[in-house]
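None of these values were measured; they are calculated from a predicted model. Hydrogens, waters and symmetry mates are skipped; everything else that's a heavy atom, side chains included, is used. Just so you know, residue 1 is the first one in the sequence shown, and it goes up from there.
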Amino acid sequence: MTTLDKKVPASFWIISVLALLWNLIGVMAFVSEVMMTPEQIAALPDGQRALYTDRPIWSMVFFAVGVGTGVLGSVLLLVRRRLAVPVFIVSFLAIITYDGYWLFVRDGLAVTPMGGLVLIGAVISIALALIIFAMAATRRGWLC
């Protein structure tokens, strides 16, 4: 019996679909941030506005890599490929780099509302959980 012949529980499919939906929301967040108009940026509080206007392009590249590899990792889960593990690791590292720069180097921690900090914590936690889930699925023989 090959790995793909092995039956996986319904929870695997539910988690994999939710992972894809979550990461697609991340893509939408990236697109909405990239598409912000000068008027929308001007309407932000001073501290947040500076974070948007003065950010280096490489930070947005890490944001794009984080959400893009998150989607790819989720698709790889759905087609039951163990390549999901390293792809999720790349996503996690990109997210940590982007958020770490935003919060600590740029001092976004001082101007980000509590809800934003909770969301950042959720993004990091879910990215880590997806690595653990993909590793467990590989160990159980659900991914080949």
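- Residue Phe62 qualifies as open at atom CZ: its count of foreign heavy atoms under 6.0 Å is 12 or below.
- A distance below 6.0 Å separates the ring centres of Tyr101 and Trp58.
- Counting heavy atoms from C-beta on, the side chains of Val67 and Asn23 never come closer than 4.5 Å.
- For the atom pair OH of Tyr52 and CD of Gln40, the computed distance is 10.0 Å after rounding to the nearest 0.5 Å.
- Two residues are said to be in side-chain contact when any heavy atoms from C-beta on lie closer than 4.5 Å; Leu103 and Leu117 meet this criterion.
- Residues Trp13 and Leu78 have side chains in contact (heavy-atom distance under 4.5 Å, counting atoms from C-beta outward).
- Across every non-hydrogen atom of Ala134 and Phe88, the tightest pair is CB-CD1, 4.0 Å.
- Shown here for Ala29 and Ser32, the closest heavy-atom pair between the two residues is O-OG, 2.9 Å.
- Looking at Gln48, its side chain never comes within 3.5 Å of a backbone N or O of Pro45 through a donor-acceptor pair.
- The two atoms that bring Arg82 and Thr138 nearest to each other are CB-OG1, 3.8 Å, heavy atoms only.
- Using a distance-only test at 3.5 Å, with no hydrogens or angles considered, a donor-acceptor pair links the side chain of Ser91 to the main chain of Gly66.
- Of the inter-residue distances, the one linking Asp46 atom CG with Leu51 atom CG reads 11.0 Å to the nearest 0.5 angstrom.
- Linking ILVMFWY residues whenever their side-chain heavy atoms come closer than 4.5 Å, directly or via other members, leaves Ile25 and Met35 in distinct clusters.
- In this structure, Arg106 contributes its side chain and Ala50 its backbone to a donor-acceptor pair below 3.5 Å.
- We find the NZ-CZ distance between Lys6 and Arg140 to be 10.0 Å, quoted to the nearest 0.5 Å.
- Taking all atoms of both residues into account, the shortest heavy-atom contact from Gly26 to Phe63 is O-CE2, 4.3 Å.
- Scanning all heavy atoms of the two residues, the minimum distance from Met36 to Leu44 falls at CE-CD1, 3.8 Å.
- Taken from CG in Leu83 to SG in Cys144, the straight-line distance is 11.0 Å, to the nearest 0.5 Å.
- A 4.5 Å side-chain heavy-atom check between Phe92 and Thr69 finds every atom pair outside the cut-off.
- No side-chain heavy atom of Ser16 sits less than 4.5 Å from a side-chain heavy atom of Arg80.
- Here Ile131 contributes atom CD1 and Leu93 contributes atom CG; the two are 7.0 Å apart, rounded to the nearest 0.5 Å.
- In terms of hydrophobic clustering, with Ile, Leu, Val, Met, Phe, Trp and Tyr side chains grouped at heavy-atom distances under 4.5 Å, Met28 and Leu130 are assigned to different clusters.
- Taking each heavy atom of Glu33 and Tyr98 in turn, the nearest pair found is OE2-OH, 3.1 Å.
- The distance from the CD1 atom of Ile124 to the CD1 atom of Ile96 is 4.0 Å, given to the nearest 0.5 Å.
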